[in-house]
Amino acid sequence: MGLKEYWSDRSHSQDFKLIRIGFVAVRFRWLVSLLLIGIAGWIAVDWWVLDSAHFHLLWKVRLMAGVMLTPLLPLSYLCKLNRRWMVLSLFALLVILLLFNAVSLWSFRDVAAMPTGYMAFPYFLLALLAVLPLPIRSGVRVAVTIIAAVLATDYWLDSHTLSNGKLIERVWLLLCFSLAMLWVQTGQLRMLLDLYRESTRDPLTRLMNRRLFMEQFKAVRHNSKLGEMCSVILFDLDKFKRINDEHGHLIGDEVLVNVSTTLVDIFGQDATVARYGGEEFVVLLPNTELEQGVRQAETLRLAVESQPIESPLDESEISVTVSAGVAAGDNTHTISELLQRADEALYQAKSRGRNCVIAYE
Ligand SMILES: Nc1nc2c(ncn2[C@@H]2O[C@H](COP(=O)(O)OP(=O)(O)OP(=O)(O)O)[C@@H](O)[C@H]2O)c(=O)[nH]1
């Protein structure tokens with residue numbers, strides 16, 4: 001995946017997208033709450049440092065900003081459901097804060113030295129937005145919006161005569177803060193991706209774990225057309241306890257890793273293949289009829305059988321075999337129903353002597 005997963009969310013799985021949006025929504029809510037407190041609390045500072053004319057104008061501007069920001073709090077609960085709501089809320093936040101910035105700077109147009117707090121507001125905004133784990137592309141869009149709005153405000157307030165020196169200084173500082181924001185945002189995204197992988201991947205085989213498998217199964221079900229069949233295959237290693245007992249758990253682990261590699265080789269990198277339990281694996285085949293599912297299971301069974309593991313102790317070959325149960329169904333069957341059927345077929349495969357594939361009919 002590499003840089004692609006940091007650049008945009010297109011390469012992220014649906015499950016991760018939802019988790020990230022949920023995380024962004026919580027941080028967004030905190031951000032809006034802090035801004036509301038900060039914008040209101042600053043009235044006390046203004047009362048202390050500003051003259052009465054500026055104070056009377058600015059507390060009303062602050063009140064307006066507060067009133068406009070408040071609906072973003074309930075909106076943040078909708079954000080976690082949908083990416084569009086998230087983008088809309090972020091855009092609304094930027095518009096309100098950049099308007100607040102423009103109006104407050106405009107109120108000081110007749111003053112020689114602008115108060116530092118107001119001058120620093122765009123940089124403060126860039127620093128605050130660093131708490132959101134946004135992909136680089138979204139972060140760049142946020143930074144460009146802020147830089148463009150700040151420069152437009154400067155141009156407007158300087159009677160369209162923004163001097164080169166002032167412009168370069170402003171752009172330089174905004175770029176530095178934007179880069180810092182992007183750096184922190186990417187770090188947050190990376191941390192989230194790492195945590196997600198740790199919580200959804202099996203540490204031994206690196207296949208997806210049961211939790212993620214169930215999520216993927218739900219998503220496949222959700223996206224499948226009416227009447228479209230999907231197949232589920234449950235694989236279980238035969239007499240695996242004996243391999244552990246005779247050759248040790250480390251060899252047992254090696255066998256599990258080998259079988260998982262064969263699974264990925266046969267079903268492909270993007271297939272929904274998971275470690276379902278100790279020595280049990282599961283494969284979901286969307287848009288696949290039962291016969292085709294059985295053929296694929298048979299391919300895996302033969303591949304595992306033909307690849308014995310070499311024992312490091314006496315270089316003897318440890319033969320490994322799997323049994324499989326296959327079930328197929330359309331949207332009228334629940335996920336647990338399909339898994340239950342595959343499990344029953346697997347049970348039959350075990351009772352019929354193992355190293356075979358049985359379909360649930
Ligand atoms: N090495 C190793 N063994 C594991 C792991 N997870 C589960 N096991 C072992 O897998 C074995 C499963 O044994 P059983 O459920 O009796 O099944 P089996 O011996 O494969 O027999 P059948 O399934 O009936 O063919 C147990 O001995 C577990 O300790 C693991 O991560 N590594």
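Just so you know, ligand 1 is whichever comes first in the structure, and atom 1 is the first atom listed for that ligand.
The shortest N/O to N/O separation between Asp236 and ligand 1 falls below 3.5 Å. Inclusion of Phe240 in the set of residues having an N or O under 3.5 Å from an N or O of ligand 1 is warranted.
Using a 4.5 Å cut-off on side-chain heavy atoms (C-beta onward), Phe217 and Leu338 make contact. In this structure, the side chains of Val49 and Pro115 stay at 4.5 Å or more apart for every pair of heavy atoms. Residues Phe91 and Leu88 fail the side-chain proximity criterion, which asks for heavy atoms closer than 4.5 Å.
Of the protein's non-hydrogen atoms, the one nearest atom 9 (C) of ligand 1 is Asn244 ND2, 3.4 Å. Remark: minimum distance from atom 17 (O) of ligand 1 to any protein heavy atom is reached at Glu279 OE1, 3.6 Å. Nearest protein heavy-atom neighbour of atom 27 (O) of ligand 1: Lys241 CG, 3.5 Å. In terms of protein heavy atoms, atom 7 (C) of ligand 1 is closest to Gly278 CA, 3.6 Å. At the top of the distance list for atom 31 (O) of ligand 1, counting protein heavy atoms only, stands Arg275 NH2, 2.7 Å.
Under the 30°/60° scheme for interplanar angles, the aromatic rings of His54 and Phe108 are found to lie parallel.
Ligand 1 places these atoms under 4.0 Å from at least one heavy atom of Arg354: 22 (P), 24 (O), 25 (O). Near Lys350, meaning under 4.0 Å from one of its heavy atoms, ligand 1 places the atoms 22 (P), 23 (O), 25 (O). The distance from ligand 1 to the heavy atoms of Gly252 drops below 4.0 Å at these ligand atoms: 1 (N).
Of the possible polar contacts, none joining the Arg201 side chain to the Pro203 backbone as a donor-acceptor pair under 3.5 Å is found.
Which of Ile251, Asp202, Thr321, Asp253 comes nearest to atom 2 (C) of ligand 1 through a heavy atom is settled by distance: it is Asp253.
What you find for Asn101 and Pro122 is that their closest heavy atoms are OD1-CD, 3.8 Å.
By the criterion of a heavy-atom distance under 4.0 Å, the backbone of Leu237, and not its side chain, is placed next to ligand 1. At a heavy-atom distance under 4.0 Å, only side-chain atoms of Leu256, from C-beta outward, approach ligand 1.
With sequence neighbours excluded, the residues satisfying ring-ring contact (aromatic ring centres under 6.0 Å, His included) with Phe100 are Phe121.
Between Asp238 and Arg301, none of the side-chain N atoms (NZ, or NE/NH1/NH2) sits under 4.0 Å from a carboxylate O, so this pair counts as no salt bridge.
With a 6.0 Å cutoff to the six-membered ring centre and a 45° limit on the axis angle, Arg109 counts as a cation-pi contact of Trp106.
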